[in-house]
*Asks:* 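Here it is, the structure, as structure tokens.
Proteins come first, then strands; the chains are lettered A, B, ... in the order of their sequence lines, and each starts at number 1.
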Number of protein chains: 2
Amino acid sequence: MTDNRVEALFKNESEPTTREKILDVAIDSIARRGFEAVSIRDIAREVGIRESSIYNHFKSKDEILDTIIEYFMVELSRSDPFETPMDVMLEKYGPEGFMNMAGRAYLERINRPRIARIWRIIAIELYRNEKVRQFFRTTMVQVPVSAWEQTFRRMAELGYIRECDTGVLAREFFYYSIYLFFDYFVISFNESTYCRFTEDMLEDLGPHIKFMMDAIKVGGAQ
Amino acid sequence: MTDNRVEALFKNESEPTTREKILDVAIDSIARRGFEAVSIRDIAREVGIRESSIYNHFKSKDEILDTIIEYFMVELSRSDPFETPMDVMLEKYGPEGFMNMAGRAYLERINRPRIARIWRIIAIELYRNEKVRQFFRTTMVQVPVSAWEQTFRRMAELGYIRECDTGVLAREFFYYSIYLFFDYFVISFNESTYCRFTEDMLEDLGPHIKFMMDAIKVGGAQ
DNA sequence: GTCTATACTTCGATAGAC
DNA sequence: GTCTATCGAAGTATAGAC
């Protein structure tokens, strides 16, 4: 990238620039076949230019992937997930309702059209791209687990759930969710349905949330 | 392969054959860098022969990977996991003890030295190898989940746990386990510790089993 | 069964005309 | 900014001598 303004990569104007076309094609191809299997020639052909023209927009093949990943990270870190205070939400919907809504808010935030394909790229490149791995481990695992731990602690303080190990509880909730992510984007990946991932995930998440909340509701087992 | 006797690939004799050396080097390299990043030349160099000699043992690069995967599948499907009847185990150790022991037995069965590296290959190749994906989805997800569903149903029949949706229960237990697999072999993969995966997995599995069993023990929450 | 030599393809990337 | 032309490196695979 020349200007480092990742957030302005896609301007949503009527006619996309060549650079935007290249990124769009790259995102699509890499999500389908993986970075190593997609060549500069493949991308150029689909965009409708020669491969040498690619190098007017990116100085190497690696820079294309780096740009995609950086775009993804910036997009994810944009809007905050919660606007209404947790205590208010809890009082209004109860703990199970709160979790369902928080899950939905999170999934809707991370599932915009172009981003959904990059999720698949993240899942694929995780094993060989140290930057992606680092990002996933912290931003997609550790940070949410810590946040959920705080949330459960607050729930316990307010008497919505009984006292228990909130660290265990956070992992119980979130590791299952990450499994669903892998299931959706790798194990059971289906190219044709892959933009409905918010709906599908929520459907699978519902029984999980119910099971967990039943396990720790006030007056339940010790 | 010429003779299809996958199970006899590694004969454990004092001096490994060239074919065995090739497979060993291939397993190691592919587990580290992925199939596409490893070339025939890389493998030949490390074995100590010329690349053309590889073709005396395998007719293509793809056949090497196919052989590795087939070897893996056959090895996994060998010994049965349980020898002692479940009812006896349950009476002796209780439901939580039973699950811990079953987890340990399963993990020990699937974690032999050469196999541990192929687990990493499986995790890596999942996204682009339809055969691996099919195998994982059925043998590593659906079959164990069904088996655990049966097990939980029996536990409920015998009064060790209270009546509940055993399908939900089986997924609660096993999806978490599969997350641990991905965490171990992809997200938090560490080349230097990757043969201790049985011990590490069991350590993480303990609190999970305890949480689940607390949730469904007799006399707990409805 | 291993070697040398090589065919053939595809890859990422560059130079220079327009 | 796109084109033609091309380079050098690396890939899989084969032929044939020993």
*Asks:* I'd like to check the side-chain hydrogen bond (donor to acceptor under 3.5 Å, both in side chains) partners of A:N129; sequence neighbours left out, ordered by chain and number.
*Replies:* none
*Asks:* Report, as a single string ordered 5' to 3', how protein heavy atoms within less than 4.0 Å touch nucleotides 11-18 of chain C: B base, S sugar-phosphate only, - not at all.
*Replies:* BBBBB---
*Asks:* Can you check the B:I54 CD1 to D:dG11 P distance for me, whole Å?
*Replies:* 13 Å
*Asks:* Under the ring pair (Phe, Tyr, Trp, His ring centres under 6.0 Å) test, which residues partner B:Y93, sequence neighbours left out?
*Replies:* none
*Asks:* Residues in ring pair (Phe, Tyr, Trp, His ring centres under 6.0 Å) with A:F211, at least two apart?
*Replies:* none
*Asks:* Identify, with sequence neighbours excluded, every residue that meets ring pair (Phe, Tyr, Trp, His ring centres under 6.0 Å) alongside A:F181.
*Replies:* A:W119, A:F136, A:F185
*Asks:* Can you name the residues that form a side-chain hydrogen bond (donor to acceptor under 3.5 Å, both in side chains) with A:R154, not counting sequence neighbours?
*Replies:* A:D87, A:E157
*Asks:* Take the protein atom CZ of A:R50 and the nucleotide atom P of D:dT6, then report the distance between them rounded to whole Å.
*Replies:* 14 Å
*Asks:* State whether A:S53 places a side-chain N or O below 4.0 Å from either non-bridging phosphate oxygen (OP1 or OP2) of D:dG1.
*Replies:* no
